[in-house]
Colleague: 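Below you will find the structure I want to go over with you.
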Amino acid sequence: MNWTGAVRTIVVCAILIVLHYTLRPLLAWRASVDFLIVALLLGSVRMRPGSAAVYGFLLGLVSDSLTISGFGAAALGMSLIGFAASWLKAVFFADNLALNGFFLFLAKWAFDVIVLVVGLRTGGAELAMQIFVWSPLSAAVTAVAGVIALSLLKPLMEARST
Amino acid sequence: VASAARLGNKVDAGLLVGCVVLSLVAVALRDQDREPIAAALRRTVVAPLVGLQRGAERWRSAWVSSAQRQLVTDSLALRAVKAQALSAENDQLRKLLGLGSRLQSGFVPAEALHSTSSSEELVTTLTLTAGSTSGIKRYSPVVAPEGVVGTILTADPTMSIAMMYTHPDFRASAMSSDGSAFGIIYPHRAQAGGSDAYMLELHGVPTRSQLKPGTVIYTSGLGTVFPRGITIGSVVQEMKTSEVWTRTYLVRPAVSPSRLGSVLVLIPERVTQGIGNVWGATVNADSATRRIAAAGDSIAKQAAVLEARARLAALDSVKRVTIDSVRRSLGAPTTPLTAADSAAMRAQGVPIPAQSTPAPVVRDTTRVRRVPAAATPVPRRDSTRPDTTRPPRQ
């Protein structure tokens, strides 16, 4: 990835991070959109797995610093998701929006499961409700929003390859 | 290349392990240890994002509070609309309470539910929330504080259906407020939805009975359904019909169907007993008006009689004066005018002729010797003391 491509990727990821801290509080949905996951996957597929892990770790720390409990859980989850996304990019991330949406869904759900289990935020029936109801809903919303965001930002990302 | 790739993989794995270990260490930290780290991040690197999030949450709270204010405004407007309806309903219920207290017994209060279907343009029936278990039977009169509403068509145990005065089968025996004209009330056959769709017609009024607009029409009690004296409406105008021996009048009903919310149903015993003078305030006022008019008429009649008598008396006086003057010219004795004759002639403006007065009585005063005033002097009383009394000058 050349410098131009890196700058464009950074700009797109920055836009997504800003959206995460502006649009999400405005919407305030129960099953909210996680633009940080979208930014993580978008950046990770353009990095080496180790760099993607560090990138995920940093994003997770940012997310953890603004949460009340479970400090470090998001960092762990994003490190693993970023590493996995970068490692599996050749296999999964084709130029297909629907497939991208599906992997966004999987990534968000896996991230939520890691955060909920490691962070020990809830337990019992509530944990099950979070994992099997709210997390899939949030993952679906994130996948849809991610696909829309990727579609909107596609011209910017394609300019990188030319 | 292979060794470089292996090295790269090792570096990646090492970075991943490092990140995982650091994350687990962060998770394992105690609250008092992790909070300074999080606070340092919030104050430095994450500060712009914190500002963005705070601004977004402010926007969100402003939008929510605006929506809540709008909700409050809407609910207040809704309450204001409801308050008007409640005020009207309260007014009607107060009237109904007044009617109930005047009737005292023999009635069943019921709530009226308008049962107009979409195809029915004119309200002709009402569903009432009281039925035969309350004593309501078929043809029981349904009344409102203003007057007649209709009769019961069907009475189920807990509810009943009333036929309003707009129903094509509605009939009621009616009379004018003074009882001078009787007839039968029919619903007005007008085009549905027109301005006079809810009017009534008073049929069968004898030709000799002419009703003025505004005359109040009551139930006559001649039928078996309605007792005597319930207000039906007021006469608007006479209608032109082909009937020769009877008149037909257009009557405006006293009860407006749109205002009906609660009604009273008179049970059969009450119909038999009669309702007395419950709607009598109107009757009394009407009678009082008629009494005043009648009294005015009698005063006018008395004045006319008095005027005729005065004119007759004046004519008599003139005739008597004429006869006297003729007699005087003939040398015959005349008849003197009485005081009443003079007054009558003065009232009519007839000049009173000069009358022959009797000869004055000549009184002989020579027998009385007049004493000059100076001959009998009166002592001057300057004081009450006798010693100050001066003797009169000679």
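First the proteins, then the strands, lettered A, B, ... as listed; each starts at 1.
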Colleague: Say you draw a straight line from CD1 of I37(B) to CZ of F71(A); how long is it, rounded to the nearest 0.5 Å?
Modeller: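 Atom-to-atom, I37(B):CD1 and F71(A):CZ are 5.5 Å apart.
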Colleague: Using non-hydrogen atoms only, which part of L23(A) is less than 4.5 Å away from chain B: side chain, backbone, both, or neither?
Modeller: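 Neither part.
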Colleague: Quick check on V20(B) against chain A: is it the side chain, the backbone, both or neither that has a heavy atom closer than 4.5 Å?
Modeller: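 Answer is both: backbone and side chain atoms of V20(B) are under 4.5 Å from chain A.
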Colleague: So which part of L24(B) gets closer than 4.5 Å to some heavy atom of chain A, the side chain, the backbone, both or neither?
Modeller: side chain
Colleague: Before giving the answer on side-chain contact (heavy atoms from CB on, under 4.5 Å), spell out for L41(B) and V62(A) the whole-Å C-alpha distance, their side-chain angles and the decisive distance to 0.1 Å.
Modeller: CA-CA 7 Å; L41(B) 283 173; V62(A) 169; over 6 Å; no
Colleague: Looking at chain A, which one of L15(B), L52(B), L16(B), V46(B) has the largest number of heavy-atom pairs inside 4.5 Å, strictly under?
Modeller: L16(B)
Colleague: Sort out for me which of V11(B), V17(B), L22(B) touches chain A most, counting heavy-atom pairs under 4.5 Å.
Modeller: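 Counting heavy-atom pairs under 4.5 Å, the top option is L22(B).
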Colleague: Under 3.5 Å, what donor-acceptor pairs does chain B form with chain A?
Modeller:
| residue | atom | partner | partner atom | Å |
| --- | --- | --- | --- | --- |
| G8(B) | O | R48(A) | NH2 | 3.3 |
| D12(B) | OD1 | G50(A) | N | 3.0 |
| D12(B) | OD2 | R48(A) | NE | 3.4 |
| D12(B) | OD2 | R48(A) | NH2 | 2.7 |
| S23(B) | OG | L76(A) | N | 3.2 |
| V27(B) | N | F71(A) | O | 3.3 |
| R42(B) | NH1 | S65(A) | O | 2.6 |
| Q53(B) | N | Y21(A) | O | 3.4 |
| R60(B) | NH1 | L26(A) | O | 3.2 |

Colleague: For D169(B), what residues pass the side-chain hydrogen bond (donor to acceptor under 3.5 Å, both in side chains) criterion, not counting sequence neighbours?
Modeller: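 side-chain hydrogen bond (donor to acceptor under 3.5 Å, both in side chains) check on D169(B) returns nothing, list empty.
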Colleague: What pairs of residues pass the side chain to side chain donor-acceptor pair (under 3.5 Å) test when at least one of them lies in residues 136-162 of chain B, not counting sequence neighbours?
Modeller: none
Colleague: Which residue out of P49(A), G60(A), A75(A), G56(A) racks up the most heavy-atom pairs below 4.5 Å with chain B?
Modeller: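 If we count pairs closer than 4.5 Å to chain B, P49(A) comes out on top.
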Colleague: CG of L61(A) to SG of C19(B): how many Å apart, nearest 0.5 Å?
Modeller: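 If I round to the nearest 0.5 Å, the distance is 9.0 Å.
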Colleague: Listing request: all salt bridge (Lys or Arg N to Asp or Glu O under 4.0 Å) pairs with a residue in residues 66-75 of chain A, at least two apart in sequence or in separate chains.
Modeller: none
